[in-house]
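Here the structure is laid out as structure tokens; the discussion comes afterwards.
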Amino acid sequence: MDIRNHKKRGQWAELRFMTKASELGFQIAEPRGDTAQYDVVLDIGGRFARVQIKSTYHGDSKATPGTYEASLLHACGPKGLYRASDFDYLAIYCIPKDVWYIIPFAVACEKHTIRICPGDKFNQWEQYREAWYLLEDRAPCPLRKGGRVDLYGIIEDYVAPPRMRSPVPHRRAPAGEPRWKPRKRRSRAARQRELG
């Protein structure tokens with residue numbers, strides 16, 4: 001797909017994201033207009049995740065062949081960067097490879113550019129390739145219900161602690177005797193006499 005106009009390409013990438021998210025079972029909402037710093041909201045069982053969508057088909061000429069570059073600069077933020085309150089997840093669509101990268105904001109913050117290289121296990125962003133489970137497991141914004149507190153947690157595989165034997169009670173030494181008696185050292189000759 002070769003869409004030169006970046007605005008049209010962005011809208012197309014948003015539609016691709018919504019299609020893929022729908023196929024995976026997410027409920028989707030889209031903010032009205034272009035004033036929000038995020039493109040899509042996912043409703044995950046009453047929790048909401050704001051997603052900013054970027055797309056790229058430009059290769060990075062200074063990097064390894066097969067590396068694509070997505071810019072995170074925008075006009076509204078300080079120094080052209082996004083703030084923590086702008087979105088929860090970044091979704092980058094690599095158009096030539098038809099691959100999505102789902103990156104938490106905490107990892108992508110304060111970056112001007114993200115360089116992805118699909119299939120390169122040494123690329124720092126490769127662990128986020130097709131990481132849709134991040135959206136499902138840990139949507140960061142629970143709904144607030146008046147007068148109630150809901151606690152959310154994640155339980156991983158539980159391993160019971162090893163059983164400890166109860167300590168053997170110590171024999172109390174009679175009054176006036178030390179708790180332990182030093183062993184008398186026997187000479188080698190005395191030990192040989194005992195053995196025989």
Side-chain angles (χ1 to χ4, degrees), residues 1-61 63-120 123-143:
M1 180 56 122
D2 186 18
I3 303 174
R4 298 284 177 192
N5 183 306
H6 73 282
K7 185 80 171 169
K8 288 181 181 178
R9 187 173 65 244
Q11 291 171 345
W12 177 77
E14 289 172 22
L15 291 171
R16 295 283 298 193
F17 178 86
M18 288 188 272
T19 303
K20 177 80 174 193
S22 293
E23 290 171 357
L24 294 171
F26 291 102
Q27 296 295 317
I28 301 164
E30 189 176 21
R32 303 285 271 162
D34 289 341
T35 57
Q37 298 301 325
Y38 52 91
D39 297 315
V40 174
V41 176
L42 298 179
D43 177 359
I44 308 159
R47 298 173 295 158
F48 294 98
R50 299 165 299 167
V51 182
Q52 172 64 38
I53 300 167
K54 298 289 184 182
S55 64
T56 181
Y57 70 91
H58 294 293
D60 185 4
S61 59
T64 309
T67 301
Y68 297 90
E69 186 176 77
S71 174
L72 296 183
L73 297 176
H74 72 107
C76 299
K79 299 180 185 177
L81 297 174
Y82 287 101
R83 294 183 296 253
S85 61
D86 290 343
F87 59 87
D88 303 311
Y89 292 95
L90 175 67
I92 300 176
Y93 183 53
C94 181
I95 295 169
K97 301 291 184 179
D98 190 28
V99 171
W100 284 98
Y101 285 78
I102 309 297
I103 304 170
F105 177 81
V107 179
C109 66
E110 298 182 7
K111 302 279 186 200
H112 294 206
T113 310
I114 290 185
R115 290 181 179 90
I116 55 176
C117 187
D120 180 6
N123 185 280
Q124 70 177 8
W125 305 108
E126 190 62 16
Q127 62 184 323
Y128 300 106
R129 182 166 56 125
E130 300 295 343
W132 295 89
Y133 66 90
L134 292 175
L135 297 171
E136 191 173 283
D137 290 346
R138 298 176 177 91
C141 304
L143 277 178

Looking only at heavy atoms, which two atoms of C94 and Y68 are closest? And how far apart? SG-CD1, 3.5 Å

State the OG1-CG distance between T113 and L72, to the nearest 0.5 angstrom. 7.0 Å

Any donor-acceptor N or O pair under 3.5 Å, side chains W132, E130: yes

Would you check if T67 and I116 make a side-chain contact, meaning some heavy-atom pair closer than 4.5 Å? no

For the atom pair CG (N123) and CZ (R129), what is the distance rounded to the nearest 0.5 Å? 10.0 Å

Contact check, side chains of D39 and V51, non-hydrogen atoms, under 4.5 Å: no

Roughly how far, to the nearest 0.5 Å, is CZ of F17 from OG of S22? 9.5 Å

Find the distance between CD (E126) and SG (C117) and round it off to the nearest 0.5 Å. 7.5 Å

Do R50 and Y89 pair up side chain to side chain, a donor and an acceptor below 3.5 Å, judged on atom types alone? no

D98 and Y93, any side-chain heavy atoms less than 4.5 Å apart: yes

Take K20 and F26, measure what side chain to side chain contact (heavy atoms under 4.5 Å, CB included) needs, and give me the verdict at the end. CA-CA 9 Å; K20 177 80 174 193; F26 291 102; over 6 Å; no

Looking only at heavy atoms, what is the nearest atom pair of Q127 and Y133, with distance? O-OH, 4.4 Å

CG of D43 to CD of Q27: how many Å apart, nearest 0.5 Å? 6.5 Å

Can you tell me how far apart OG1 (T56) and CZ (R115) are? Round to the nearest 0.5 Å. 10.5 Å

Mind listing the closest non-hydrogen atom pair of W125 and A108 along with its distance? CH2-CA, 4.4 Å

Looking just at side-chain N and O atoms, do Y38 and D88 make a donor-acceptor pair shorter than 3.5 Å? no

Which atoms form the tightest heavy-atom contact between K54 and Q52, and what is the distance? CE-NE2, 3.7 Å

Below 4.5 Å, heavy atoms only, C-beta onward: do I53 and F87 meet side chain to side chain? no

Quick one, I28 and V41 - any side-chain contact, counting heavy atoms below 4.5 Å? no

Should Y128 and Y101 be marked as a ring pair (Phe, Tyr, Trp, His ring centres under 6.0 Å) after you check the CA-CA gap, both sets of side-chain angles, and the distance that decides it? CA-CA 5 Å; Y128 300 106; Y101 285 78; 8.4 Å; no

Side chains of L90 and V107: does their closest heavy-atom pair fall under 4.5 Å? no

Close side-chain approach of Y57 to R9, heavy-atom, < 4.5 Å: yes

